[in-house]
Amino acid sequence: MFMADIAGVRVLYTGDYSREEDCHLCAAEIPQFSPDICIIESTFGVQLHQPRNVREKRFTDVIHSTISQGDCVLIPAFALGCTQELLLILDEYWSNHLELHNIPIYYASPLAKRCMAVYQTYINSMNERIRNQFENSNPFDFKHISPLKSIENFNDVGPSVVMASPSGLQSGLSRQLFEIWCSDKKNAFVIPGYVVEGTLAKTIINESKEVTLMNGLTAPLNMQVHYISFLAHADFAQTSTIVKELMPHHIILVHGEANEMGRLKQKLITQFAYRNTKIISPKNCQSVEMYFNSEKMAKTIGRLAEKTPEVGETVSGLLVKKAFTYQIMELDDLHAFSQLSTEDYYCLQWCLWCIEA
């Protein structure tokens, strides 16, 4: 989250956030100060997430049951975000189940591989569980997971688990494997997060009976489809909690589909009807204008700040403005506390006196 103070008006931008700690990242922290404007994501609108332990068990149960029957699991995923979390879950699960050690797990995303180096570099930014584990071994140095460069390097024999990008199945390895596996009802397709409108993944999640292949032909969609969300986006419970704790005067909803944003807006208006909070859900590229009357405050610095003035006492000094901040200082402190300087100018005035006789 980012808090900006502009002319005394506090603006909080949440970005993509979650108040729930996951396998490797800490929960988002609530700012200490209440903002005047809160720009908040609305990806999941009024939806509620399942508890994390329930989601993890569903995820591992689906994969275990599928590969135990000798079949394959395809997980379309983003290169960054929940991919690293899912890889941690799978690697730990494989370590605890000896019977799975001969079944390969692949992740096929060059960008995900490069992102892994960032995670390994900034271990101190991870949660306490990862930091403690790193003292003995690198948790992102997976023991049971291998990178996969292309489908030409993939030996499609026997059960396997493949996590591949892109998440929407527009093209790439995830699309290629899907077209190979989609007609077999024993295979599983696990969608681990948000799917964008207009993509093949969205068509699948809407329970389509057949899909259009890249060559234009159609194929039956027989494989098992499971939607288990691990994306780091707030659900309605987290959104309403942060609004209740921060109590902003204005809320701007972003990063969500129009229908979801509309439902979220109405539910927030109903829940916080007792407060005079204005909620806006602008369209893409729509300008939002707000007007604020804020008090201007000047801080004394330097020698003027050494003594606390009495009530009613007049403080005299030089008023210096920089951006939206004001400071009062003595003239001799100007060079020490600013980039300004003083110069002395002397004016020699000539007077012509005309004396009449």
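What you see is a predicted model, and the numbers here were worked out from it, not measured in a lab.
- Hydrophobic clustering of Ile, Leu, Val, Met, Phe, Trp and Tyr side chains at less than 4.5 Å, counting indirect connections, unites Y17 with I30.
- Residue pairs meeting the salt bridge (charged side-chain N to carboxylate O under 4.0 Å, His left out) criterion with at least one member in residues 119-129, sequence neighbours excluded, are E92-R129.
- Between the side chains of S95 and H144, at least one donor-acceptor pair of N or O atoms lies under 3.5 Å.
- A salt bridge links D333 to R303: at least one charged side-chain nitrogen sits closer than 4.0 Å to a carboxylate oxygen.
- Contact annotation: the side chain of M329 approaches that of V320 to within less than 4.5 Å [non-hydrogen atoms, C-beta and beyond].
- With hydrogens and angles ignored, the 3.5 Å screen pairs no side-chain donor or acceptor of D36 with any backbone N or O of P248.
- At most 12 heavy atoms of other shown residues, nucleotides or ligands fall within 6.0 angstrom of atom CD in Q339.
- Heavy-atom contacts from other residues, nucleotides or ligands closer than 6.0 Å to CG of N96 number more than 12.
- Annotation: F59 is not in aromatic contact with H64 [ring centroid separation under 6.0 Å not met].
- For R175 (side chain) and L169 (main-chain N/O), a donor-acceptor pair under 3.5 Å exists by modelled atom type.
- One side chain, S150 or E152, offers a donor N or O that lies under 3.5 Å from an acceptor on the other.
- A donor-acceptor pair shorter than 3.5 Å cannot be found between the side chains of Q84 and H24.
- Under the 3.5 Å distance criterion, the side-chain polar atoms of D71 are left unmatched by any main-chain donor or acceptor of I67.
- With hydrogens and angles disregarded, a donor-acceptor distance shorter than 3.5 Å links the side chain of R55 to the backbone of S229.
- Linking ILVMFWY residues whenever their side-chain heavy atoms come closer than 4.5 Å, directly or via other members, leaves M1 and I39 in distinct clusters.
- Note on ring orientation: taking the six-membered ring where Trp is involved, the planes of F272 and Y274 are tilted (angle from 30° to 60°).
- I228 is listed as a side-chain neighbour of V190, based on a closest heavy-atom distance under 4.5 Å.
- Two rings, from F44 and H49, have their centers less than 6.0 Å apart.
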